[in-house]
Number of protein chains: 2
Amino acid sequence: MSQLSPQPAGTSLPTSADVARLAGVSRATVSYVLNNNTTVRISDSTRRRVREAAADLGYVPHAAARSLRAGHSRTVLLPAGQAPAGALYQRFLTQLESGLRRLDYTVVRYGGVGQDADEAAMTWAELRPVAVVSPDDLALTPYGIGVLTRSGARAVITLGSQPVDGAHALVVDQREVGAHAVRHLLARGRRSIGVVVPQEPGHALIARPRLAGALRAVEESDADAGVRALPLRYQEDSAQDLASRWRTLGLDAVFAYDDEYAMLLTRALQDAGLVIPGDTAVIGAGDLMLGRLLRPRLSSVAMELTCEQRPAEMIDRLVQNPGGPPERHHLLRPAVVARESS
Amino acid sequence: MSQLSPQPAGTSLPTSADVARLAGVSRATVSYVLNNNTTVRISDSTRRRVREAAADLGYVPHAAARSLRAGHSRTVLLPAGQAPAGALYQRFLTQLESGLRRLDYTVVRYGGVGQDADEAAMTWAELRPVAVVSPDDLALTPYGIGVLTRSGARAVITLGSQPVDGAHALVVDQREVGAHAVRHLLARGRRSIGVVVPQEPGHALIARPRLAGALRAVEESDADAGVRALPLRYQEDSAQDLASRWRTLGLDAVFAYDDEYAMLLTRALQDAGLVIPGDTAVIGAGDLMLGRLLRPRLSSVAMELTCEQRPAEMIDRLVQNPGGPPERHHLLRPAVVARESS
DNA sequence: TTGAAAGCGGTACCAG
DNA sequence: CTGGTACCGCTTTCAA
């Protein structure tokens, strides 16, 4: 095995032709050897010579040339939406990414930048990705899906609350989070329920379905209960303002959007002299460790993004076996963790 | 302007030859028109015909073919390290990413997967990136830098605590965070200082330099003070365990690694009957909103990852103007926010 | 078992 | 102003 020695810091990287020349064979042979092509028999001595030549020169194949010739790449595109991703989603993406890397895909993340969804689809298509996982704040259209499909993408997958026709879907249904929270509060006998709606724009895409789910849960219940949206900014003064108006709102419970907003609001309510859960029950979402440190300990809707089949493997399957009917997989598993605050 | 109509869902994406045929011109002309090549004059009528043909066919250029011909791509590689990134770092990467996208680079994030740094460098080199920003948990070696440089990378930039010879560096010196915290505690008259060291492996790369900085700050001071490392897991029982031993440790202050660990530890100390900051001063890092909700309000080392020059623009400059001496830019701006806990 | 050669899709030179 | 054409680096028949 040749040493990885600092090559003559010459001009540019050697090509397979350079390797062939040094090994005294043809470029074809180099390709066979380095790709472990089994359909062709190469003598062991030749193999060794080629390998040594490649190592000596520090040969690195040119991915673009290879995929141009092959007609397809192993690129999976993960466009990041405009919104800064939450921790849960980040973790999911990171896992997906390393899962795909393990299956030997090249993961390309496209940073969100103001582009119309159809423009974006064309930009992505330039890379001829073998699969695309698109978050729903980019609202892929059927036209965009068509472009990507025709560009060679063997799987187009949307990730978010809304499936799109013609694409597979990893469904993250945030409505279920709101519904779980509200059902829990109703079961606890609460009837007048506030639902915090963060005013930070990045949260809108999650807040709206959570509120919708809360509303639906009340409608579906027999109880004579009501839900009210409570705008809140992630700032102490905003929370204090809301807390000071609390008694006039006549609420006996609140689903605080997530644990961070819940902690913010809880503190403000307590400072305003309200007793939790006596006067008002509070539940958050995300089941952060920090919520357990509150007094009373914060109830929360715990969430997991999981799938019976690992998403990376699912994508691999769809890529290897395209043409099937659109698949839907629900990823979000909410579960109420009842603690002291409700 | 032609409509974006659903093309005949035919076989595959058209090539520039198809566009040329439909427009009745040569492939060269198509290339000139679509790239707005200024060195060559094309009649307006031809331009229009080409543009229409391209739109009608839904033509999308093939990025691999283009960069093969060009000999280089506009790909910037952002390998993600093994460790799950913290919120600050995530935000930085996201900003960098969209900054680069705005400058028309294609950002490729490589998910961390168990590879030796030199192997990784060769894998990256296959993509012929124009720049690489490598986090320091991948410990790029001079050999790896050589491979990347010779593969056409016009800027290799390390991101982390340690600059590497031959590469530019965005230095994130976590030691300064520990130093700031400890200097603050010393100024408050504290002399026996604990430093929390999280036991979660993902935090080691940050925790170690923060501890080192804390030690250095004590050494550099005139005070007769000492620092002691306090292993802690991010679990209530671990914090309770530490708190129960607290009095035997004889500490009058603690730098709790970050605000989350600080909140965890604060709660445990208070539950154990200790008074903060009377018995023990506490300071965290990160300046989370939630820390302000604690009683006493949590002091913290606020951090910002900034640079007089936006990192994306800096990379662009290095790419356009390579060959200069290695640059070092310090990104981390720590600043103590003294509240009630210290 | 190996080599020669034809492209993959674009770009850019040079001739017309 | 436009068309023909060589070539970027690699894979893959087809012949030898």
Side-chain angles (χ1 to χ4, degrees), chain A residues 11-50 53-54 57-75 122 125-128 130 150-152, chain B residues 11-51 53-54 57-75 125-128 130 150-152:
Chain A
T11 51
S12 67
L13 221 50
T15 73
S16 72
D18 296 317
V19 177
R21 206 172 305 120
L22 181 57
V25 298
S26 75
R27 296 163 57 209
T29 308
V30 171
S31 175
Y32 294 143
V33 171
L34 296 183
N35 293 313
N36 294 313
N37 190 320
T38 50
T39 69
V40 85
R41 304 279 140 221
I42 307 270
S43 71
D44 276 358
S45 71
T46 307
R47 300 194 102 81
R48 224 173 349 88
R49 285 214 318 286
V50 170
L57 294 172
Y59 170 71
V60 176
H62 193 304
R66 174 179 288 169
S67 62
L68 176 58
R69 173 65 231 222
H72 61 93
S73 68
R74 287 185 64 83
T75 298
M122 300 189 85
E126 292 189 9
L127 300 178
R128 301 294 192 273
V130 71
R150 298 180 56 236
S151 84
Chain B
T11 52
S12 66
L13 225 48
T15 73
S16 73
D18 297 317
V19 177
R21 206 172 307 122
L22 181 57
V25 298
S26 75
R27 298 192 309 148
T29 306
V30 171
S31 175
Y32 294 142
V33 171
L34 296 183
N35 293 312
N36 293 313
N37 191 319
T38 49
T39 68
V40 84
R41 303 278 140 222
I42 307 270
S43 70
D44 276 358
S45 71
T46 306
R47 299 193 104 83
R48 225 170 352 86
R49 284 214 318 287
V50 170
R51 292 232 151 80
L57 293 172
Y59 169 72
V60 176
H62 194 304
R66 175 180 289 165
S67 63
L68 175 58
R69 174 64 231 219
H72 62 91
S73 66
R74 286 185 66 82
T75 298
E126 292 188 10
L127 298 179
R128 301 295 192 273
V130 71
R150 298 180 56 239
S151 83

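Only this structure's heavy atoms are used, side chains among them; waters, hydrogens and symmetry mates stay out. Chain letters run A, B, ... following the sequence lines, proteins first, then strands; residues in each count from 1. Quantities reported herein were computed from a predicted structural model and do not represent experimental measurements.
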Quickly work out the L68(B) CG to dG7(C) P distance and round it to whole Å.
17 Å
Counting only side-chain N and O atoms of S31(A), is one of them less than 4.0 Å from OP1 or OP2 of dT11(D)?
yes
Taking 4.0 Å as the cut-off, does a side-chain nitrogen or oxygen of N37(A) come that near to OP1 or OP2 on dT11(D)?
no
Could you check how far CG of L57(B) sits from C1' of dG9(C), rounded to whole Å?
15 Å
Which comes earlier along DNA chain D counting from the 5' end, the contact point of N35(A) or that of G24(B), where each point is its nearest nucleotide?
G24(B)
From the list T38(A), T39(A), N37(A), V25(A), side chain to side chain contact (heavy atoms under 4.5 Å, CB included) with Y32(A) holds only for N37(A)
Classify the nucleic acid contact of V40(A) as base, sugar-phosphate or nothing, counting any heavy atom under 4.0 Å across all strands shown.
base
dG3(C), OP1 or OP2 - any side-chain N/O from T29(A) closer than 4.0 Å?
yes
Looking at dT2(D), I'd like to know if its phosphate oxygens (OP1 or OP2) sit under 4.0 Å from a side-chain N or O belonging to S43(B).
yes
Determine the contact category for S67(B): base if any of its heavy atoms lies under 4.0 Å from a base atom, sugar-phosphate if only primed atoms, P, OP1 or OP2 are that close, otherwise nothing.
nothing
For R69(B) and dG9(D), what is the distance between atoms CZ and P respectively, to the nearest whole Å?
10 Å
Value rounded to 0.5 Å, distance of CG in L34(B) from CZ in R47(B)
9.5 Å
Between dC8(C) atom P and D18(B) atom CG, what is the distance in whole Å?
11 Å
Would you mind reading off the distance between L127(A) atom CG and dG10(C) atom P, rounded to a whole angstrom?
13 Å
Nucleotide nearest H62(A) when distance is taken to its side chain, options dT11(C), dG9(D), dT12(D):
dG9(D)
In terms of side-chain heavy atoms of S26(A), which of dG9(C), dG3(C), dT11(C) is nearest?
dG3(C)
Side-chain touch L68(A)/H62(B), heavy atoms, less than 4.5 angstrom
yes
Distance from S16(A) atom OG to R66(A) atom CZ, nearest 0.5 Å?
10.5 Å
Under 4.0 Å between any heavy atoms, over every strand shown, what does R41(B) touch: base, sugar-phosphate, or nothing? Just pick one.
base
Compare side-chain N and O positions of Y32(B) against OP1 and OP2 of dC13(C) and report whether any pair is under 4.0 Å apart.
no
Whole angstrom value for the distance that separates C1' of dA12(C) from CG of L34(B)
15 Å
Does R128(A) use its side chain to pair, donor to acceptor, with the backbone of G152(A) at less than 3.5 Å?
no
Using a 4.0 Å heavy-atom cut-off, does R66(B) contact any base of the nucleic acid, only the sugar-phosphate backbone, or nothing at all?
sugar-phosphate
Send over the distance from E126(A) CD to dC8(C) P, rounded to a whole Å.
20 Å
Quick one: label V19(B) by what it contacts on the DNA or RNA (base, sugar-phosphate, nothing), any heavy atom closer than 4.0 Å.
nothing
Does R27(B) use its side chain to pair, donor to acceptor, with the backbone of A17(B) at less than 3.5 Å?
no
Separation of R74(B) atom CZ from dG10(C) atom C1', in whole Å?
17 Å
Is T46(B) near enough to dC1(D) that one of its side-chain N or O atoms lies under 4.0 angstrom from OP1 or OP2?
no
